[in-house]
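What follows is a set of notes on a single structure, which appears directly below.
Atoms within a ligand are numbered from 1 in the order they appear, just like the ligands themselves. Position 1 is the first residue of the sequence, and the numbers go up from there.
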Amino acid sequence: MQHTLQAFKPLLSKPANIAIIIHRNPDGDAIGSGLALQAFLEKTGHKADLISPNEIPNYLKWLPSTDRITIFEEQVAEAQKILKKADIIFTLDFNDLSRLGGAFTDFLKQIVKQKIMVMIDHHLEPSDYAHFQFSNSNKSSTSEMVYDFIVDMGFKDLIDKNMATDLYTGIMTDTGSFKFPNTTPHTMCVAADLMSRGINHNQIQIKIYDSFSLDKLHLLGEALNKLVFLPQFKTAYIALSKADLRKYNYQKGDTEGFVNYGLALEDANFAALFLENDDEGVRISFRSKGNVPANEFAKKYFNGGGHKNAAGGRTKKSLAEAVALFLEKLPEFKSKLIQANV
Ligand SMILES: [Mn+2]
């Protein structure tokens, strides 16, 4: 396994067939970094296709060229053809092939040995499937890493307004608009450079955060009413059932950001959002302040993981059982939960 750009560079010295893959339920960072990398590779003479396991959420469809993304679950034959033909496969914003989900994971595992795999990712504990692993959990986002990748390759001038919009969106969403602890001086320098390329940063903010449907706002109201605070554990949680979601005509992405409201409580150091989902059981998002390891909790009890302050998990249990397990396990983390050292 190689970790240096120097070792990787020669692979892009002649035109290659390249596939770029992002994780299931893609977010702003996955889609933004994917689109920007695709544009960069095309500008440098390669054939590059971007594949997402499932659909692009509505709040991100306005990003330039999302209509060119191949959706594995809807275009299986086309996606498999692209992957079979690819010499090089980039995987962006995830650390394990299981994050593709089901049939996509199985298919990729069959061909992974025949391909040159390149990981660019900022999650902890990367799996070792990649020949070239660019993994750095100190980075705010994969979009920041793709920016660095393009710059380090010597092509900073190729970053145009559309690519800057993609990368800025990824960085902005993964840092919660530059407020999460993963925001570094370098993150701000990258954002500043992207801004200088003519993007409309205020419009990006409005399109992502001030474009709620009335149903989504009403669902948020329901979620906030259901918020439970446990002062003894400095923990807040929200559980939304299938019926709750149906009542407000839930669309994918509608609960994006809801988990952060739990952390908005002055005394909360840990927040969870439980979502009952038809095909996937219960999905849980975790957020934390300071030193509270949200990823440890997600990994230990909910088959998940992520970053220290932002993690996710899932379970096949019922919603009530998932919440019960959460409540049962909080005492084990009590000392960490009440001393976040923010
Ligand atoms: Mn990310």
* Sub-6.0 Å ring centroid separation between F229 and Y237 -> no
* What do you reckon, are the aromatic ring centroids of F270 and F297 less than 6.0 Å apart? -> yes
* To do: Go around the Mn ion (ligand 1) and count every protein N, O or S atom nearer than 2.8 Å.
  => 4
* Residues which pass salt bridge (charged side-chain N to carboxylate O under 4.0 Å, His left out) with E222, listed by chain and number, not counting sequence neighbours -> K226, K247
* Structure fact -> Residue set satisfying salt bridge (charged side-chain N to carboxylate O under 4.0 Å, His left out) with K317, at least two apart, ordered chain then number -> none
* Parallel under 30°, tilted from 30 to 60°, perpendicular over 60°: which one fits the rings of F104 and F72? -> parallel
* Taking only residues at least two apart or on different chains, which pairs with a member in residues 151-174 satisfy salt bridge (charged side-chain N to carboxylate O under 4.0 Å, His left out)? -> K43-D160
